[in-house]
Participant: 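Following this message is one structure expressed as structure tokens.
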Amino acid sequence: MNRQQALNEAINAARLAKVYAGKAENAADNSDRQGRVPQLAAASAAWADVSRSYTAIANALPEMQTGV
């Protein structure tokens, strides 16, 4: 895995964290789905953790040099 791949994975994971946060918010506003809020919020938090992990990996990898 190179730095750009890790950054792409971080971006994808952050996008999923946002999606699940939105689902949790929508569920909180719907009395029939309020029981799902904890699971959706946990999924959002997990994807946010994945995003932070890939960001840390990307930070530890060297930048690719082109055209040297």
Participant: What pair of heavy atoms forms the shortest contact from A6 to A58, and how long is it?
Facilitator: CB-CB, 3.7 Å
Participant: Quick one: side-chain hydrogen bond (donor to acceptor under 3.5 Å, both in side chains) pairs with a partner in residues 1-14, sequence neighbours left out?
Facilitator: Q4-N8
Participant: A14 and S51: which non-hydrogen atoms are nearest, and at how many Å?
Facilitator: CB-OG, 3.6 Å
Participant: Which ILVMFWY residues are connected to I57, directly or by a chain of links, through side-chain heavy atoms under 4.5 Å apart?
Facilitator: M1, L16, Y20, L40, W47, V50, Y54, L61
Participant: Side chain of T55, backbone of A10: donor and acceptor closer than 3.5 Å?
Facilitator: no
Participant: Show me, pair by pair, the donor-acceptor contacts under 3.5 angstrom made by side chains of residues 21-35, not counting sequence neighbours?
Facilitator:
residue : atom : partner : partner atom : Å
N26     : ND2  : G22     : O            : 3.4
N30     : OD1  : D32     : N            : 2.9
Q34     : NE2  : A28     : O            : 2.9

Participant: Would you list the pairs meeting salt bridge (charged side-chain N to carboxylate O under 4.0 Å, His left out) in which at least one residue belongs to residues 34-61, sequence neighbours left out?
Facilitator: D49-R52
Participant: Got a sec, which residues hit side chain to side chain donor-acceptor pair (under 3.5 Å) with R15, two or more places apart in sequence or on another chain?
Facilitator: none
Participant: Show which residues join V19 in its hydrophobic cluster (side-chain heavy-atom contacts under 4.5 Å, direct or indirect), or state none.
Facilitator: none
